[in-house]
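Taking it in order: structure first as structure tokens, then the write-up.
Note: hydrogens, waters and symmetry copies are ignored here, and every other heavy atom, side chains too, is used.
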Amino acid sequence: MLSQRGHSRELAEKACRENFPVASRLLPRRHRDHLMAVYGFARSVDDVGDEERPEDRLRLLAEFEADLARLYDGRVPRLGPVGALARTVRECSIPAEPFQHLIEANRRDQTVTRYETFDDLLGYCALSANPVGRIVLHVFGEASGARQALSDRVCSALQVIEHCQDVGEDYRRGRVYLPQEDLRRAGCPVAQLAAAAASPGLREAVAVQAARAGRLLAEGEPIVASLSGFARTAVAGYVAGGHATLAALRRARYDVLGRPVRPRRARLLAEWTRVLTTMGWPGAGLQRLPSA
């Protein structure tokens, strides 16, 4: 079992592999701590749904659900990732529902392995991604209804982008998130997802999802202008990560099987500056960003 320090280090390493800055050093320590607690919970639940023995996953997810109820009932949680949420939930007044939805998304992953249409996939994103954005808004005290709707678009876009990157990994886990109707339209049998390089049909299907994600990201991007201070900085970073990863997919010509497709740091920083500048943040040259 990892020590607390070892667990924190492992969590930080996983956060560094995300497409966007999970808890940038540009943010105050209190916000970074809250964001890492949220990330730790979401990452732990995802790891149960992806990496534990298949026969154990539903039981372990039920344990997370029961421990979350324990936390919201005012009792002491038994699981580390849930216990780490206690201060964040209390100080930021975060409701239980978005955390419950993250657990439900992983429960669905155990039984649903295909999505027929893009709308079906967005229904999954409503459980697996959108709750994270709503939690982040609570962390910054900015969780209005209008902002939540914009946040949902950004988070769904980020989730679809990640599904594009992880086609091969997901297939090896028995899951296909690319909509079946798009694979058929592109002439891409599901078996091609096991190849060493993406076929023309698979590239076409991935390009379709990337274009849809780009539109969702553009629709949600005005949320940045509605925010102020550190909330604006953080959310702009998430939006920028989406744009930078879409650029990486285009650069790879949508071959998501030949090698890992990751956003370039320079492109992320440029997009972060652009988003903040176009959304009207004064002094958005952000010369500090390279240390973020």
If only atom types and distance count, is the side chain of [X] paired as donor or acceptor with the main-chain N or O of [Y] below 3.5 Å?
X: R267; Y: A244; result: no
X: Y238; Y: V22; result: yes
X: R32; Y: A23; result: no
X: S24; Y: L27; result: no

Inset, instruction - Give the intermediate values and the outcome of side-chain contact (heavy atoms from CB on, under 4.5 Å) for residues F41 and I103. - result: CA-CA 10 Å; F41 175 87; I103 295 171; 4.0 Å; yes

Just by distance, with hydrogens left out, do [X] and [Y] show a side-chain donor and acceptor under 3.5 Å apart?
X: E181; Y: T117; answer: no
X: D47; Y: S44; answer: no
X: T245; Y: Q165; answer: no
X: E162; Y: N19; answer: no
X: N130; Y: S151; answer: no
X: Y171; Y: D166; answer: no
X: Q209; Y: H163; answer: no
X: D109; Y: Y177; answer: yes

Should [X] and [Y] count as an ion pair when the cut-off is N to O under 4.0 Å?
X: E18; Y: R43; result: yes
X: R57; Y: E52; result: no
X: E169; Y: R172; result: no
X: R70; Y: D73; result: no
X: R59; Y: E63; result: yes
X: E271; Y: R264; result: no
X: E204; Y: R185; result: no

Closest contact, heavy atoms only, [X] versus [Y]:
X: D182; Y: A205; value: O-CB, 4.2 Å
X: S156; Y: L122; value: CB-CD2, 4.0 Å
X: T88; Y: A37; value: OG1-CB, 3.7 Å
X: V167; Y: L257; value: CG1-CD2, 4.2 Å
X: A198; Y: V256; value: CB-N, 4.2 Å
X: G242; Y: I161; value: O-CD1, 3.7 Å

Inset, instruction - Determine, for F118 and R212, whether the Lys NZ or Arg CZ falls below 6.0 Å from the six-membered ring centre while staying within 45 degrees of the axis. - result: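 Yes, cation above the ring, under 6.0 Å and within 45°.
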
Legend entry - Side-chain touch Q180/Y115, heavy atoms, less than 4.5 angstrom: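 They are not in contact (no side-chain heavy atoms under 4.5 Å apart), so the answer is no.
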
Inset, instruction - Answer yes or no: is there a side-chain heavy-atom contact under 4.5 Å between S128 and H101? - result: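 No. Closest side-chain heavy atoms not under 4.5 Å.
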
Legend entry - Test side chain to side chain donor-acceptor pair (under 3.5 Å) applied to R175 and T113, D170, D50, the passing residue: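 It is D50; the other options fail the test.
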
Legend entry - The single option from R232, E142, R147 passing side chain to side chain donor-acceptor pair (under 3.5 Å) against S226: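 The passing option is R147.
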
Inset, instruction - Look at atom CZ of R251 and say whether more than 12 heavy atoms of other residues, nucleotides or ligands are closer to it than 6.0 Å. - result: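 Result for CZ/R251: enclosed.
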
Inset, instruction - Mark yes when over 12 heavy atoms from residues, nucleotides or ligands other than R75 sit less than 6.0 Å from its CZ; otherwise mark no. - result: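 Above 12, so yes.
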
Inset, instruction - Under the ring-ring contact (aromatic ring centres under 6.0 Å, His included) rule, collect the residues that match up with Y39, sequence neighbours excluded. - result: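 With sequence neighbours excluded, Y39 shows a ring-ring contact (aromatic ring centres under 6.0 Å, His included) to no residue whatsoever.
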
Legend entry - Linked hydrophobic residues, L127 as query - side chain contacts closer than 4.5 Å: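 For L127, no cluster forms, as it stays isolated from other hydrophobic side chains.
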
